[in-house]
Amino acid sequence: MAQIHASDGFETLAIHAGQDPDPLTGAVVPPIYQVSTYKQDGVGGVRGGTHAGVEQGAGRWIEGYEYSRTANPTRGALEECLAALEGGVRALAFASGMAATDCLLRTICRPGDHVLIPHDAYGGTYRLFDKVLAAWGVSYHPVPVSDPAAVRAAVAAYHPKLIWVETPTNPLLSIADIAMLAEIAHSDGGLLAVDNTFASPYLQQPLVLGADAVVHSTTKYLGGHSDVIGGAVVLPDADLAAQLAFLQNSTGSAGGPFDAWLTLRGIKTLSVRMDRHCDNAAQIAQMLARHPKAAQVYYPGLPDHPGHEVAAKQMRGFGGMVSFRHAGGEQAAIEMCARTRLFTLGESLGGVESLIEHPATMTHASVAGSPLAVPPDLVRLSVGIENGDDLVDDVRLALG
Ligand SMILES: Cc1ncc(COP(=O)(O)O)c(C=O)c1O
């Protein structure tokens, strides 16, 4: 039976939660159940069920494995592990972070509802609000989520059903005070959802701080090896989780078993990877803070970052992402991105290998001309777990 105790530490949960040895063979790693359907022992006689349990509509519940869109044992193992790591009652794994975001928003919001979003949110999230959900009557309002007074004013103006935050934000690394925003949302009868992709549950646990939902692009730190696209929602409320599972099953946005297995494999080393990501990012941020060609450095671990104190209060470490504005302007920023040796020019983040990118024309091209537009001279670094000195030298040389 379950090897884990409720009091077990994060590192233990990452390796064991949802991942008991296979009862049939003793395999210490959950098998990849690459299967679409399951034999029933007579009509309705479904087997298993530790990870299953989805309402099919009309009050019909499935308590075991019937069909893999509804439940799959490998995906279930990942979901149980994610729920344990975030301190939630239930997690659901999706085909991508955007699928997770979309499913949560459509579970909570109805036409006529308002949502507050960060004024520097991930471009894909902005695009979902602006180009997709707006057409279905859900309105969004960008606010600086690091400024509680601005959030309070927007809550008074719009009475949002939901406050959506990223913290740290992508790509400007702003910090939102999760406990304070939860209190602000709840005081007006709304909910707080946190996209925890940049921090990972190892560095920050929003549900413990009062948030009502956590979203992940598991593509990033949780997977950790740039080899799988996935997403997750973790909830502290079983009723909301049942509604989310219903919509996920109805719309078919769950991830596949091999993707779940790869993500679980990544999660086992999350803590040690994050420690190294944080150390290497701090080294690079400190070098950049002294470098004349870095006009402004965004890293919450720097003492002069406006969110430093809040980050120190709610995060175990300051993360592996560093952004900065190139003093030479946009062209110098673009040219630098093509000059690194170890940092690979590419989108995404959170993998063991370091990546560099130009947000204005790459990850955040979809916010060009909007209130969320990013500075054209901004460079974003996803600092990997290579040798820290090598990475510092690489950035310094590329800066010229
Ligand atoms: C903060 C954040 N949230 C969500 C997403 C979307 O995740 P995915 O690409 O897995 O759909 C991303 C992707 O970059 C992201 O950076």
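Bear in mind the structure is a predicted one, so any value in this text is a computation, not a measurement. Just so you know, ligand 1 is whichever comes first in the structure, and atom 1 is the first atom listed for that ligand.
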Between [X] and [Y]: side-chain donor-acceptor atoms closer than 3.5 Å:
{"X": "His159", "Y": "Asp188", "result": "yes"}
{"X": "Thr70", "Y": "Tyr65", "result": "no"}
{"X": "His186", "Y": "Asp212", "result": "yes"}
{"X": "Ser226", "Y": "Glu353", "result": "yes"}

Taking both backbone and side-chain atoms of [X], is any N or O found less than 3.5 Å from an N or O belonging to ligand 1?
{"X": "Met98", "value": "yes"}
{"X": "Gly97", "value": "yes"}
{"X": "Asn170", "value": "yes"}

Problem set entry | ligand 1 atoms in contact with Asp195 (distance to a heavy atom under 4.0 Å) |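 Answer for ligand 1: 1 (C), 2 (C), 3 (N), 4 (C).
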Exercise. Taking only heavy atoms of Thr219, which atoms of ligand 1 are found under 4.0 Å from at least one of them?
Worked result: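 Counting atoms of ligand 1 from 1, those under 4.0 Å from Thr219 are 10 (O).
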Exercise. Relative to ligand 1, is Lys220 under 4.0 angstrom through side chain, backbone, both or neither, heavy atoms considered?
Worked result: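 Answer for Lys220: side chain.
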Exercise. Is Leu270 reachable from Ile385 through a run of hydrophobic residues whose side-chain heavy atoms are each under 4.5 Å from the next?
Worked result: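 No, separate clusters.
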For this session: Could you tell me whether ligand 1 has any atom less than 4.0 Å away from a heavy atom of Gly230?
Result: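 Gly230 counts as a contact of ligand 1 under the 4.0 Å cut-off.
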Problem set entry | Pairing residues for His305 by the ring-ring contact (aromatic ring centres under 6.0 Å, His included) criterion, not counting sequence neighbours |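 Checked His305 against ring-ring contact (aromatic ring centres under 6.0 Å, His included); zero matches.
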